[in-house]
Amino acid sequence: MKKLFYAIPSILFLLLYSYGRILLYRQKEIDVQFNALYAIALKDIGIGILILLVLYALSRVNLIASYLAALVLGIFHLANVEYIYALDHVLNLNDITMASDKEFITGTLFHISFPVYSILLMALLTASIYFLRRLPLLPFNRRRHCLLAFAGLSILYLAIAIHSSGDWKNGNFVSASIRNSVALLTFNEKALTDYPADIERQINTSQQLKDGEYLLNSHTGGKNILMVVMEGIPGAYSPGNQEVLGIPNDIKLTSLDKIKDHSLILPNYITHNNQTIRGMYSLVSGDYPKLDASTPKAYEYLQKDPSYREELLPKLLKHRGYNTAFIQAAELEYMSKGDFMTAAGFDTVIGGESFKNPYVPFGWGPDDKAFFEQSEKYINELNGKGKPWFATLLTVGTHHPYAVTDDYAKLYPSRKAAAVVYLNEALSGFIDYIDHSSFAKDTLVLFVSDESHGVNDQPYGSNWGIFAAYSPDIDGQVINDGVYGQKDILLSLLDYADPNLDAYTTGRSVFRKYTEDSPILFASHYNGDIFYSTVKGTVYQVDNSGQLYSLTSRNGELFSSKYERTSLSDSTLKKKILTYKNYIDKSTAGDQTIMIAKNKKIPLADGRETIVTDGQFITLPEESVVDIQVDYDASSMAAADWLVLKFEDYSGHQSVRMMDKQTSSGRMTFRFYNKKVAYGYAFNLKTALHSNDYSGAEKSIKISNISVGFSKTVPEASPSPAASPGPTPGITPGTSFGAAASPSPAASSGPKHVEVIDMDAGNE
């Protein structure tokens, strides 16, 4: 009886561990038959038993280590539950770096979706270790025997995980995470760099823009354009798409019914990858984003000499007489979207810092209702300038964990569904504002998504974006059933704004119907799947283990309620797809320097931290010295002021430095050695002012440059007054770096102070 009592926490843990799947099915409203559920539930229980045995064996060696391991495994499982709920994918270990990013954590953990489940699971897991130690499960008395048992069980678990399914519906969550992460690290197609001379036409199109039939009533140009980018919204939520494709969904953006009589919709509309910065880049550049998780092209664009940068959508429209503005709910510093949008050519760039009094407190930024209502002021100001205008709005309320109150969320099946309903209500009010505005008859409005947070039972639902265009130029609801992607938006808007666009322009416009299909590529960096299609209704998939499949839709459209999946052994086709992917993903920056921010003026307030930059998610090359350089000018400080610069990254590198008032302009460099390729590296940089100056004068710090550079050796430099004297030692993995300095060319005036801070020598 006593032994049974000791086993109760473990039994309850196993039941709760496997219940996580049922919880997700219920929250995501997925219908599943018992005969399809019990087999995978038994797998979960089997994996749970193996986890308990691993922790038990470890506890016989070191009790504290077993509790720490339990904490890691428990959080890993719960993180996957949240990730699947939000994005319909398991966590990729390459993205684990985001867990240390403070803004990401603030936004993501603003609300935990399943708090009761999370607390009970962690409590039962730790209790299981405590009570299992009182049961002689493993007949080993010596520590080394238990250590061998722990090692053997761990290897067994990893072997099972690596060879398990990478899909959360068919495999254990943690095992699927490990399997996908290992597959992404070991599947290597980098050698495929023999690009054909006409590869641009092969991955985009050889069609000319004006080969298609124009679908709108008139083509006069010179009208306003408003692009509303809705965070993570898939095309499955469009009532028009549901009707055309025959794919019902309980979540509907019914507000779009208000524009039905003057709208154009794209049921087969693709977001090329996941992550906001990648989607926004594609929307304004007319280019594919990278299809993997490496440094976004937006950062590589920032590094280019302004004289040689490709002209992006806002600048191209500016040449045609447009005023332009970019307005987003999130803070501009995160992912450096403010810097990128400024470089892209927007005249005005506004972020979450400018929005006050939200209806719902939310870690990522103002809720959708507050955002739309307060954006009206900026649109009215833009419209009052007397020229045609182009404005882009980017919402954040439907980002996990969703900007709704707890009471509001209780009214709907899930918090995600509640957030979409809240967006729907906010969007309805915003459409009313447009309809009653002075510019209603002269404005094209696009409703699109930056990425897709996934669709149940869709093999590439994480790439199903929403697109609806609203304009008096459109009679009824026009359905363009061609396949288009985010990269087609730039030429589409030029096609709309400029009737005199060169007739020989190569590309496609969503406002035209073409008689032939065109190639398109898309991917999910969550699990590494790559998709390629040349004919609507058939999509080729290369999964993260290198297996090639064809997916054929039942209805002949890109998206369907049923698909036929067939394994293929066509090595030529597979090589072609991977070659295309490598071409799209190749770096244009040379991996020498990544420009993060330039020419920023940061207002300072006494006693308050201010974010300078955060959430970059860039790739660090292997065996490289990483130099993060900050050129600053804090000459507006008074004699009684103290200004602190704080640096922190996910690797544990930290530094807090007080700027010398005698040399308030200069460069500060944070340096460390990176041994292996690191994807998704992010750091945050903050300032804090401590002032005894009561004059009321405005204080600010000017940041002329923030960049990340890579080299194999430490650059030669002269000693800094703040650094220890002596030469800089050579660098090998694990050594401490010396401190050095050189004159800062970016500092504006006055004494120039340069300091290199050794990030491997411990926290400063």
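Heavy-atom basis, side chains included; hydrogens, waters and symmetry copies ignored. Numbering of residues begins at 1 and proceeds along the displayed sequence.
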message: Phe447: which residues meet the ring-ring contact (aromatic ring centres under 6.0 Å, His included) condition with it, sequence neighbours left out?
response: none

task: Not counting sequence neighbours, which residues clear side-chain contact (heavy atoms from CB on, under 4.5 Å) with Thr610? List them please.
output: Ile602, Thr687

field: Modelled atom types, side-chain donor and acceptor of Glu648 and His653, under 3.5 Å
entry: no

message: Could you check whether Glu231 and His453, counting side-chain N and O atoms only, form a donor-acceptor pair closer than 3.5 Å?
response: no

message: Would Arg508 pass as a cation-pi partner of Tyr484, given that its NZ or CZ must be under 6.0 Å from the six-membered ring centre and within 45 degrees of the axis?
response: yes

task: Assess Arg309 against Tyr301: is NZ or CZ under 6.0 Å from the centre of the six-membered ring, and within 45 degrees of the ring's axis?
output: yes

message: I'd like to know if the side chain of Asp450 pairs up with that of Thr276 as donor and acceptor (distance under 3.5 Å, no hydrogens or angles considered).
response: yes

message: In the structure I gave you, are the side-chain heavy atoms of Asp287 and Lys297 within less than 4.5 Å of one another anywhere?
response: yes

task: Could you note down all residue pairs passing salt bridge (charged side-chain N to carboxylate O under 4.0 Å, His left out) where residues 349-371 supplies at least one of them, sequence neighbours left out?
output: Lys369-Glu373

- prompt: Stepwise, does the side-chain hydrogen bond (donor to acceptor under 3.5 Å, both in side chains) test hold for Thr669 with Asp627?
  reply: CA-CA 6 Å; Thr669 300; Asp627 281 323; 5.7 Å; no

message: Side chains of Tyr681 and Asp649: any donor to acceptor distance under 3.5 Å?
response: yes

message: Looking at Ala523, is its backbone amide N or carbonyl O close enough to the side chain of His272 to form a donor-acceptor pair, meaning the two atoms are under 3.5 Å apart?
response: no

message: Quick one about Asn380 and Tyr433 (side-chain donor to acceptor, distance below 3.5 Å, no hydrogens or angles considered), yes or no?
response: yes

query: Which is it for Lys315 and Glu310 under the salt bridge (Lys or Arg N to Asp or Glu O under 4.0 Å) test, yes or no, and what are the steps along the way?
result: CA-CA 10 Å; Lys315 189 165 287 188; Glu310 303 88 348; over 6 Å; no

field: N/O donor-acceptor pair under 3.5 Å between Asn674 side chain and Pro621 backbone
entry: yes

query: Can a donor-acceptor pair be found between the side chains of Asn599 and Ser704 at a distance below 3.5 Å?
result: no

message: Is it the case that the side chains of Ser524 and Asp529 hold a donor-acceptor pair, with the cut-off being a distance below 3.5 Å and no angle test?
response: no

task: Side-chain contact test, heavy atoms from C-beta onward, threshold under 4.5 Å: evaluate it for Leu226 versus Phe390 and give yes or no.
output: no

